[in-house]
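Reckoned from all heavy atoms, side chains included, excluding hydrogens, waters and symmetry mates. Protein chains get the first letters and strands the later ones, always in sequence-line order, with residue 1 at the start of each.
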Amino acid sequence: MLDKEGIAKRIAREVSDNSYVNLGIGIPTLVANYIPPDHHVVFQTENGLLGTGPFPWEGEEDPDLINAGKQTITFLPGASSFDSAMSFGMIHSGKVHMTILGAMEVSEHGDLANWKIPGKMVKGMGGAMDLVAASNKTLVAMQHVNKSGESKLLPECTLPITGRRCVQKIFTELAVLEIAPEGGFILLERAPSVSVDQIKNATKGRLIIKGEIPEMIF
Amino acid sequence: MLDKEGIAKRIAREVSDNSYVNLGIGIPTLVANYIPPDHHVVFQTENGLLGTGPFPWEGEEDPDLINAGKQTITFLPGASSFDSAMSFGMIHSGKVHMTILGAMEVSEHGDLANWKIPGKMVKGMGGAMDLVAASNKTLVAMQHVNKSGESKLLPECTLPITGRRCVQKIFTELAVLEIAPEGGFILLERAPSVSVDQIKNATKGRLIIKGEIPEMIF
Amino acid sequence: MIDKRVSGPTEALRDLGDGASILLGGFGLCGIPENCIDALVQKGVKNLTCISNNAGVDGFGIGKLLATRQVKKMISSYVGENEEFERQLLSGELEVELIPQGTLAFRCLAAGYGMPALYTAAGVGTEVAIGKETRNFDGRDYLLERAFDADYAIVKAWKGDHDGNLIFRRTSRNFNPLMAMAGKITIAEVEELVAPGMLDPDHIHTPGIFVHRIFQGKGYEKRIEKKTTRKR
Amino acid sequence: MIDKRVSGPTEALRDLGDGASILLGGFGLCGIPENCIDALVQKGVKNLTCISNNAGVDGFGIGKLLATRQVKKMISSYVGENEEFERQLLSGELEVELIPQGTLAFRCLAAGYGMPALYTAAGVGTEVAIGKETRNFDGRDYLLERAFDADYAIVKAWKGDHDGNLIFRRTSRNFNPLMAMAGKITIAEVEELVAPGMLDPDHIHTPGIFVHRIFQGKGYEKRIEKKTTRKR
C-alpha cells in the first residue's frame, strides 16, 4: 500500500518530457518533487504563472507571487506571468497537456466529483471545472476508499460532478486504473504487496482485470 | 464651399474633451490638426496604439511604429501599445468614443457604404465594419457628390454596405447633416456662402429642413 | 492625454451607492484593492453584489465587507477561507453564486471586448449548466455564458500613470486587467503613480482607456495567506 | 524548462507541406516574418492558404509568395497594395476571403483560448453575414464567427528566449501574439534570442507554451510602406 508520496512518485512517471502540467492541491502538488531531473516539465499555476519554482527561502516570500493554493512560491528562468483569461485560455485550448487533481468520487465512465458535498459548506469549484473540461489529459490522485471505508470508484458518481467523461487514469494507494472507452476501471498495476482481491474489495464500480496484473514500478 | 481642411476643421468641433477617437484615412486624418489645444483627446490607431503623436522627424522613422494607414508615426507620453484583439475589443465595447471615417454613400437611415464597388478591385473592409458596428458615435467626412456629380446622400445605398444604421452625422463641403431617427437627412448647417438650394440639389435622399439654416461656425 | 487622477479612495468611490454591483480584482489576498475595500467599509454602502474570485478571509479583503454585512451577493469561484462567510451563507443572509474560475475570467474578457456572450466547455453536464444553453461545435459541448454587466470595477495595480495605464506585478495580475476592462466605471489603486511617459507603452498591461479614476494607495499590508518556505 | 530552439527557418518549416493553412503575423509590412517568408519561397510549397491581415506589396512580404504562385487562398481584411495580387484575383487564379479586421483578431483569440466560436457585431446586415448565424442579445444583433483552425502560425517578435517566450515592439505586435496562440504548430522568428531568465516574466506578451519552434532571424529589411515625416 502506498503513502501519499508513493502515489505522487508513481504519477510522476506519467509526465512526459517537454510537457506543460497543472497540479491540483494535495497529493498532486507532491508530483513536482519526483519528476526525473532530465525531464523538461513546466508547471502552470492557473492564477497566472508558467514555470513555478520551489518555495522561497525563509524571509524571501513575495506576497505578489503565489500559486493557486495561495502558497508563496518562486519562478524559474524562462517563466512568464499572465492574466486569468490567458491562463484558462491555455488550459481550454489544450496547451496545458496534463492536469493532475484530487477527487471525492470517480465513475466508471470517467465522471469526476470533487467540489461539493450536499449539506456541507461548499467552497466552490475554483478552476477544476475548467481543467477537467479542457481537451488535455486528466489524471486523478486519491485514496481508493473514503474515511468511512466506502469505495470512491463507483458505477456512477453520487456527488455533484465536476466534469463528465474527463478522467483518463486514477492513481490510488492500491492501484493504477484506466477508464475503459465502454466504461469500467481497467486495472493496470497493483501497489507493492497489494493483492488483486484487495483492489476488488475496494472498488465498487466495474473492475476490468485482463490477465496477470503487474506490480507498480517506480 | 469647404475644402478638405475646412471639413476637418468643422468636424474637430464635434470631438469632446476627454475622449478617445479613431480617425480613418483621408479627411478624417486631418481632424487631429484642429483639436483645440486645451482639449484632451487621445487618438487610437486600430493596429495597436493609443496616444498617436505627429509624424516623426525626418530620419527618425521607426518601421515598428505605424498607424492603420501604414504611415510612420510617433507616440505621446501616456501612450500604450496592444494587440489587435484588445484594439478591436476597446472599439467594440464602446471605450473608443468616436470614429470618423470617409464614405462612398450614406443612406437616409444612416447606412454606410465605403468598402466595395462591384466590378472594381475590392481592397477590403479593413477595420471599418468593426468601427461602425461598435456602440460609439460614427461621423462621416466626405464630398457631397461623387466625381460624376451624383449625390452620395441617398434614400438607400446602392453599393454593398459597411454597416446598417450606424452613421449619426455627415460633414461635407456643403453642409452638416444629421440622420433623423425616422429616416432622412436633417440639415443642421450650411457651409459659408452655400445656399439651402445648392444643398437640396446635391442631396438625393430625403432632406429635412426645419426653419432657418445657420451658416457653420468654426 | 486624459488625466484620470483622483485624490484617493473616497473621491474614487463618490458615486458608488447601495445595491451597486462591483467587480473586485485579486486572487486570494494577492492583488486586492486594499484601500478601496477600507473606503467601502467606511462609506457603509449596503446590499452590494461583489464579483471576485474569492471572498477574502475573516477580517481581511472582502472579509471586511462581510463582517459589516454590506454584501448581499457574492459571485466567486472559491470561497473556502472565511468563517463569517460560511455563517452568513448557512443562515441565508448571504446569496452566493459559484462559477468556474475560467468562466469568471472569460465573462470579464467578453464584457471588456464588447462580446455579449461566449462559449466555454467548463461546467458542461454539471449543475453549473442548469438553465444555460448547451451547444455542440465539432462534436464537443459548450455552455453559453453571458458577459458581465457590472456597475464598477475596482482593481489594484503595481504601477500606474495619470492616463490610467496600469502595470501589474507577478501573480498579483490575475483578474485585475480583465475586470478593469469590464467595469462601466473602473477605479484603479496603484502602489506607485507616475507621470505620463514614465511607463514604456509595450510594458502596459491595461491601457488607460479602460480606467476612469486612479490614485496612489497607502499602507499596503499585502497579507500572505499561506506562507510556505524552504529552510536554508 | 523546455527548449524550443531550431537552427533557422528551414528547420522550423521542415514539415510544412503543400496545401497547408498558415496564419502569418504582421500589419502591412510591420512585424512580418521576413525570414520564414523567404524560406517558404525557397521551399516552393504550393496551394497554401494564407491568413494574414494584408497580402504584402509587390515583391515584399506575402507579395513574394504571390509572385511565385504558391498561394491558393488569402483570408485578409485589406489587400490593396499589390498589383500581382489584383491580377491573380481578377484572373481567378487566387481565391480571396475578405473579413473584418476585428473578426480576424477575435477568431485567432478564440482559437488560442479554446473557444469554438464568438459573437461580434462587425458585419451584421452586410454581405459578410451571408450564410452566418445572426443572433440578438439585449436588442443588438451579432454574427457567430468560428475560431480559426490553421495548421501553422508564423510570427515575428522583437525578443524571445529559448522557452519560446516572446516580446513585441510598438505596433509590430498587432496580430502576432494572437496568431501565435492560434496555430497548431507555432513558429516564431525573433530579432534577438536570449537565454531563459533574461526576460522579465511580466514583460512577456506571448508565453512560451504557445510557441513550438523559435530561431533568431537574420538581415531584417523592415521595409516602410509609407514614410511620413515632419521637416525640422
Side-chain angles (χ1 to χ4, degrees), chain B residues 15-22 32 35 37-54 62 64-67 73-99 127 129-136 166, chain C residues 1-6 23 105-118 147-150 153 157 159-168 177-186 188 193-214:
Chain B
V15 178
S16 309
D17 193 13
N18 294 320
S19 66
Y20 293 93
V21 178
N22 183 295
I35 301 296
D38 60 334
H39 265 41
H40 302 90
V41 177
V42 178
F43 293 104
Q44 194 238 28
T45 183
E46 67 266 26
N47 55 318
L49 190 79
L50 269 171
T52 61
D62 179 349
D64 288 339
L65 186 54
I66 64 170
N67 64 17
I73 54 166
T74 59
F75 62 82
L76 300 174
S80 55
S81 51
F82 35 83
D83 67 43
S84 300
M86 184 176 271
S87 182
F88 283 94
M90 62 182 70
I91 287 167
H92 279 283
S93 66
K95 304 285 176 182
V96 176
H97 302 112
M98 182 181 275
T99 183
M129 285 195 182
D130 297 276
L131 283 157
V132 304
S135 54
N136 53 15
C166 56
Chain C
M1 306 295 278
I2 303 176
D3 194 346
K4 312 286 180 70
R5 283 177 297 169
V6 294
L23 295 153
F106 292 154
R107 290 176 67 188
C108 291
L109 183 75
Y113 280 12
M115 298 173 180
L118 64 105
F148 280 122
D149 179 34
K159 289 187 182 179
D161 70 14
H162 300 184
D163 279 87
N165 294 304
L166 304 178
I167 295 179
F168 303 90
L178 302 164
M179 291 181 168
M181 296 195 303
K184 282 197 204 64
I185 295 175
T186 292
L193 185 60
V194 302
M198 301 294 284
L199 305 178
D200 185 322
D202 293 344
H203 291 172
I204 290 165
H205 298 126
T206 298
I209 193 170
F210 294 113
V211 175
H212 302 87
R213 301 166 193 170
I214 191 167

Where does C:M198 contact chain B at under 4.5 Å (heavy atoms): side chain, backbone, both or neither? neither
Nearest heavy-atom neighbours spanning C:A111 and B:S93: O-CB, 3.9 Å
Atom group of B:A85 that falls short of 4.5 Å from chain C, counting heavy atoms: both
Chain B contact via C:H205 - which portion, at a heavy-atom distance below 4.5 Å: backbone
For the CE atom of C:M1 and the CG atom of B:L50, what is their distance to the nearest 0.5 Å? 7.0 Å
For a quick test of reading the model, state the closest non-hydrogen atom pair linking C:N165 to B:A79 and the distance between them. ND2-O, 4.1 Å
Search all heavy atoms of B:S80 against all heavy atoms of C:I204 and return the closest pair with its distance. CB-CD1, 3.8 Å
Atom pair OG (B:S81) and NE2 (C:H203), whose distance is rounded to the nearest 0.5 Å: 9.0 Å
Mind ranking C:D3, C:D202, C:D161 by heavy-atom pairs under 4.5 Å with chain B and telling me who comes out on top? C:D202
Here's a test for you: under side-chain contact (heavy atoms from CB on, under 4.5 Å), which of B:Q44, B:M86, B:K95, B:H97 qualifies with C:I209? B:K95
Between CZ on residue C:F210 and CE on residue B:M90, distance to nearest 0.5 Å: 4.0 Å
